[in-house]
Amino acid sequence: MSRINLSVSVDDDHINRISEVVQNLKKAGMKVENLLDQLGIVTGWCESEKVAKVSQVEGVLDVESERTVQLAPPTSYIQ
Amino acid sequence: MNNSNLSTTQPETTGRYLVLLQEDAVEAGIQVLNESAGVRNFVKATQFEGSDVTADVVEGTDTLVFDSLGVAVVTAEPDQFMAMSTMAEGTSPIIAVEPERVVYALSDTGFNPPGQPVISGPSNLSLEYLRGYRDAIVNLVDNLSVTSESSEVKQAALEETELTWGLQITKAAESPFSGRGVKVAILDTGFDLTHPDFAGRQVTTSSFITNEEVQDKQGHGTHCIGTACGPRTPLSPPGYGVAYNAEIYAGKVLSNRGSGSDGGILAGIQWAVANGCQVISMSLGARTFPGQRYSRVFEAAAKRALRRGSLIIAAAGNESRRDMGRFNPVGHPANCPSIMAVGALDIGLKLGFFSNRGFDWRGGQVDIAGPGVNIFSSWPMPTRYNTISGTSMATPHVSGIAALYAEANPYAGPEVLWSLITQNSRRLMLPSVDVGSGLAQAPC
């Protein structure tokens with residue numbers, strides 16, 4: 001069992017009821033950290049076995065596991 | 001020059017004239033044409049509502065007014081043409097007058113206008129072809145000699161005594177616009193809030209990195225902000241900022257160690273959109289692999305940002321090694337179709353050897369290119385300045401230019417800004433998979 005950081009997009013039909021979707025995401029096992037109402041996106045994390053359940057919440061468009069970005073060191077010629 | 005040569009270089013005209021009228025003053029324009037140039041017999045295209053304006057109509061009337069276009073097609077004598085031209089020079093509802101040209105459908109056989117009889121058979125056709133070919137060669141040679149001269153002049157002019165080469169080659173140096181009244185968000189490692197080159201500037205900040213202030217201890221963010229929004233006349237030249245009067249929104253989504261994640265970047269985008277930033281510059285990204293699809297979540301975010309008035313511009317990424325024949329696809333999230341992806345060029349308008357490539361559109365493509373090799377800009381004090389390379393440096397050039405277009409076109413939404421940037425870019429003899437529509441150019 002491992003924690004997965006998630007970004008969840010909400011479809012256009014549910015964007016005005018996003019707090020409802022957030023409640024259902026929580027019920028499905030997602031720990032919601034940020035509700036980005038301008039973008040219709042919810043970020044947070046869940047246990048890996050809960051991902052499928054989170055994806056099935058009504059109004060959810062896509063669920064992606066979080067990527068990381070890393071700049072080159074500041075002394076590098078290419079940035 | 002003989003006559004036959006003239007006929008190939010001058011456009012064929014119909015004897016009629018196209019008169020461009022002010023959009024909101026078509027009626028006044030008609031009146032002026034009538035009173036001052038003696039133009040009569042007006043027929044309006046809107047009178048043919050529901051049916052097309054046919055050739056008979058065009059031929060049979062003196063003056064046909066396409067009211068919705070604000071254009072009149074006028075049959076006029078030379079003295080009437082003179083009168084109309086004079087009016088177009090002063091203040092009148094007439095903006096411009098030009099002879100109507102003869103245009104032909106482009107055809108495969110090409111060298112003979114369709115509808116024009118071939119006078120003496122196929123041998124004449126090939127003579128026409130050869131003449132055209134000769135003219136094209138002469139033209140090509142002329143153009144080539146001009147180009148090599150002017151590029152030498154350019155090279156000499158790109159010394160960075162007053163302004164960086166990036167400002168010069170993008171024409172930002174000559175633009176009358178400065179980004180005044182435009183909000184530009186730079187989502188990066190933050191900003192050196194003590195940098196003397198930005199004293200007195202309007203800067204709004206927010207950190208999306210846990211336990212880290214906006215103050216930039218890495219350098220990258222301060223460098224990118226410098227290119228997008230830095231000064232033109234710092235204490236010691238060269239000037240290096242494109243939109244030097246724009247309002248700066250510095251969002252810290254990358255830590256002082258240069259790392260970040262989707263959640264923080266999305267939170268930064270949300271902050272910039274909520275603050276009404278017309279331009280969001282993101283010199284960041286994660287490596288992708290051929291065949292990998294773009295992020296659906298970031299694409300949804302970018303579409304909604306566009307809907308709310310924000311254009312996101314992001315770095316195509318630096319994972320390629322073109323000198324070794326290695327090409328990497330555009331990185332995440334620049335590979336999203338609704339995010340403008342920027343490739344990097346050097347001072348000779350060659351690609352930066354590191355600049356990524358578009359593989360197929362579902363995996364993301366490069367939309368535009370900007371100066372990204374040996375870019376001078378601000379760096380956290382006490383270092384003050386640094387010269388570095390990357391698509392990270394090309395991106396804020398384009399973002400600054402986007403802010404100039406936003407100022408020049410105050411009612412343009414982000415999709416229109418996108419079009420303006422690509423429409424006005426300088427086309428290059430480089431593959432579009434590498435540079436999109438070419439080198440971004442500032443509005444003039």
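Proteins get letters first, then strands, A, B, ... in listed order; numbering begins at 1 in each.
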Derivation and outcome, salt bridge (Lys or Arg N to Asp or Glu O under 4.0 Å), residues B/D197 and B/R384: CA-CA 9 Å; B/D197 283 6; B/R384 196 165 186 148; 3.4 Å; yes
Derivation of the side-chain contact (heavy atoms from CB on, under 4.5 Å) call for B/I375 and B/H223: CA-CA 9 Å; B/I375 304 303; B/H223 198 276; 4.0 Å; yes
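- Most heavy-atom pairs under 4.5 Å with chain B, from the set A/I15, A/V63, A/D11, A/D12: that is A/D12.
- When each of B/A286, B/G219, B/S295 is checked for heavy-atom pairs under 4.5 Å with chain A, B/S295 comes out on top.
- Among B/N386, B/N374, B/D188, the residue making the largest number of heavy-atom pairs under 4.5 Å with chain A is B/N374.
- Listed in order of number, the residues of residues 67-79 of chain A that approach chain B to under 4.5 Å between heavy atoms are A/R67, A/T68, A/V69, A/Q70, A/L71, A/A72, A/P73, A/P74, A/S76, A/Y77, A/I78, A/Q79.
- Taking a 6.0 Å sphere around CD of A/E33, one finds it holds more than 12 heavy atoms contributed by other residues, nucleotides or ligands.
- Your options are B/V273, B/V373, B/T387, and the one with the most heavy-atom pairs under 4.5 Å with chain A is B/V273.
- Most heavy-atom pairs under 4.5 Å with chain A, from the set B/V297, B/I269, B/L266, B/V253: that is B/V297.
- Neither the backbone nor the side chain of B/F208 comes within contact range of chain A, judged by heavy atoms closer than 4.5 Å.
- With a 4.5 angstrom heavy-atom cutoff, B/T391 touches chain A only via backbone atoms.
- Nearest heavy-atom pair, B/A272 versus B/A185, reported as atom, atom and distance to 0.1 Å: CB-CB, 3.6 Å.
- Comparing B/G263, B/G331, B/G352 by how many heavy-atom pairs each has under 4.5 Å with chain A, the most go to B/G263.
- Atoms CE and NE2, on B/M393 and B/H397 in that order, are 10.0 Å from each other to the nearest 0.5 Å.
- No option in B/I313, B/V435, B/V330, B/V366 other than B/I313 meets the side-chain contact (heavy atoms from CB on, under 4.5 Å) test with B/V342.
- Nearest heavy-atom pair across B/W418 and B/P337 is CH2-O, 3.4 Å.
- For chain A, no part of B/W271 is nearby; none of its heavy atoms comes within less than 4.5 Å.
- Other residues, nucleotides and ligands contribute over 12 non-hydrogen atoms within 6.0 Å of the CZ atom of B/R321.
- Close approach to chain B, defined as a heavy atom under 4.5 Å from one of its heavy atoms, is seen in A/L39, A/G40, A/I41, A/T43 of residues 39-57 of chain A, taken by number.
- Within the structure, ring pair (Phe, Tyr, Trp, His ring centres under 6.0 Å) pairs that include any residue of residues 314-335 of chain B comprise B/F298-B/H332 (at least two apart or interchain).
- Of all heavy-atom pairs spanning B/E299 and B/S338, the tightest one is OE2-OG, 2.6 Å.
- The parts of B/R296 that come within reach of chain A are both its backbone and its side chain, each placing non-hydrogen atoms under 4.5 angstrom from that chain.
- Here the CG-CG distance, from B/L284 to B/L254, works out to 5.0 Å after rounding to the nearest 0.5 Å.
- Counting heavy-atom pairs under 4.5 Å between each of B/A315, B/S259, B/G390 and chain A puts B/S259 at the top.
- With sequence neighbours excluded, the residues that form a side-chain hydrogen bond (donor to acceptor under 3.5 Å, both in side chains) with A/E66 are A/N5, B/S261.
- Heavy atoms closer than 4.5 Å to chain A are found in the side chain of B/I265, but not in its backbone.
- Checked by atom type and distance alone, the side chain of B/N356 pairs as donor or acceptor with a backbone atom of B/A316 at under 3.5 Å.
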Please step through side-chain contact (heavy atoms from CB on, under 4.5 Å) for the pair B/S377 and B/Y385, ending with a clear verdict. CA-CA 6 Å; B/S377 185; B/Y385 300 116; over 6 Å; no
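- Between the side chain of B/S392 and the backbone N or O of B/S283, at least one donor-acceptor pair lies under 3.5 Å.
- Heavy-atom distances place the backbone of B/R257, and not its side chain, under 4.5 Å from chain A.
- B/Q270 places a side-chain N or O within donor-acceptor distance of the main-chain N or O of A/D37, the cut-off being under 3.5 Å.
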